[in-house]
Enquirer: 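Below: one structure in structure tokens.
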Amino acid sequence: MMNDQWIKVRRDLHQIPEIGFKEFKTQEYLLTYIQSLPQQNLTVEKWRTGLFVFVEGKKGEKTVAYRTDIDGLPIKEETGFEFASHHEGYMHACGHDFHMTIALGALTEMVNQPPEQNVLFIFQPAEEGPGGAELMLESDLMKKYNPSSIFALHIDPKLPVGTVSSKPGLLFANTSELFIDFKGKGGHAAYPHETKDMIMAASAFNVQLQQVVSRMRDPLKPAVVTLGKMEAGTVQNIIAEHARVEGTIRTIHPDSMDLIKQGIERILKGIETRFDCQTSVDYGANYYMVHNDAEQVEKFKDVIDNSDISYQDAPEAMTGEDFGYFLKGIPGFMFWLGVDSPYGLHHNQLNPKEEAIEVGIEAVTKMIYSES
Ligand SMILES: CC(=O)N[C@@H](CCC[C@H](N)C(=O)O)C(=O)O
């Protein structure tokens, strides 16, 4: 396929973003495309809203796995693209439309020119949450295919097109979601002394939360705590009886995660006493760090050095990726693919350059063909 045909696939997928475990149209689109390929060395199996696609190699002594994520985000797209999301309030703002297109491109090449070794393409749901990787890793299908190595990519808006980047060891952080509810006695805005104001409670919590990283965490162990959403109240003249904050915790060291959670819970105890209210905390999805296998990264570097693509050493990032679970079970790595967008990941105007699709397909296929 020429690049403009891949651009069409990317744009088709861009129009149908769906959130974790609801990727029904996406799965259908992927299946329709995959079923249009010659099927002689292919086995396609559904797993919830994802897919396992096995390509039998010529020797077939071992299996290398390549994973793409397939879900979108609950963000209202503001790109103004003619191919913008058809799903109001949802957008492929993390590049999974690119990731899927590149996986389909690499799969097509594997079908047309079978590799020496088997390849397992994993189309994984729910990367943004609640997490599909850990469940897929534990699935019977994964046990059946039992890959000996695994890799994946993520688009990088800050890198130029034609560049990939990775590093041995830690690439992405450990993450935990954070959801906290505050409940108290609401009431008339004119009688604050008869109420427990949950806007005040949540606001006081947010201010104290900043001290978890600045005062409770070991400064030599990097961490981030961010609240991305806050909701409270019903109308301007009623004191809110309920407030909710939603956020994420990121740490480089797995043990810092527990300490930060303990710090949050201590602050919440204080908030309960001070505001005479109840709080409840839920840590949602927790992702294990992405820790790259040094040998696999070295091999990838060699493969890229023998191509027109440039390789850069990547810094560690506070991004999270449940691909880390696959790497906990199988040696492998993740790399960044340069897409040169003025807007970053999770931005409503993310605009990755489509020329990067071909670069991604080349990097992935070259890595797979290097398995002799
Ligand atoms: C690559 C990327 O942007 N990944 C997401 C993963 C989200 C994990 C989870 N929902 C959380 O917020 O902890 C990221 O936000 O880094």
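First listed ligand is number 1; within each ligand, the first listed atom is number 1.
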Enquirer: Should Glu177 be counted as touching ligand 1, given the test is an N or O pair under 3.5 Å?
Expert: yes

Enquirer: Over 60° means perpendicular and under 30° means parallel, so classify the ring planes of Phe326 and Phe323, tilted if in between.
Expert: tilted

Enquirer: So, are Glu362 and Lys366 salt-bridged, with charged N and O less than 4.0 Å apart?
Expert: yes

Enquirer: If you measure every N or O of His346 against every N or O of ligand 1, does any of those distances drop under 3.5 Å?
Expert: yes

Enquirer: Should you measure from each heavy atom of Tyr287, which atoms of ligand 1 turn up under 4.0 Å away?
Expert: 8 (C)

Enquirer: For residues Phe182 and Phe205, establish whether the separation of their ring centroids is below 6.0 Å.
Expert: yes

Enquirer: With only distance considered, is Thr319 within less than 3.5 Å of ligand 1 through an N or O on each side?
Expert: no

Enquirer: Does ligand 1 have a heavy atom under 4.0 Å from the side chain of His154, from its backbone, from both, or from neither?
Expert: side chain

Enquirer: State the CD1-CD distance between Ile180 and Glu265, to the nearest 0.5 angstrom.
Expert: 9.0 Å

Enquirer: Below 4.5 Å, heavy atoms only, C-beta onward: do Lys328 and Glu134 meet side chain to side chain?
Expert: no

Enquirer: Taking atom 6 (C) of ligand 1 as the point of reference, which of Gly344, Gly284, Gly320 owns the nearest heavy atom?
Expert: Gly320

Enquirer: Just which atoms of ligand 1 are under 4.0 Å from any heavy atom in Thr248?
Expert: 11 (C), 12 (O), 13 (O)

Enquirer: Check Lys58, Lys59, Lys62 against Glu371 for a salt bridge (Lys or Arg N to Asp or Glu O under 4.0 Å) and give me the one that passes.
Expert: Lys62

Enquirer: With heavy-atom distances below 4.5 Å as the criterion, would you say the side chains of Met110 and Val364 are in contact?
Expert: no

Enquirer: Check whether any side-chain heavy atom of Leu51 sits under 4.5 Å from a side-chain heavy atom of Gln27, and report yes or no.
Expert: yes

Enquirer: Provide the number and element of each atom of ligand 1 under 4.0 Å from a heavy atom of Glu127.
Expert: 4 (N), 6 (C)

Enquirer: What are the atoms of ligand 1, with element, lying closer than 4.0 Å to any heavy atom of Thr175?
Expert: 13 (O)

Enquirer: How does Ala285 reach ligand 1, if at all, at less than 4.0 Å between non-hydrogen atoms: by side chain, backbone, both, or neither?
Expert: neither

Enquirer: Counting each atom of ligand 1 from 1 as listed, which ones have a heavy atom of Arg250 under 4.0 Å away?
Expert: 11 (C), 12 (O), 13 (O), 14 (C), 15 (O), 16 (O)

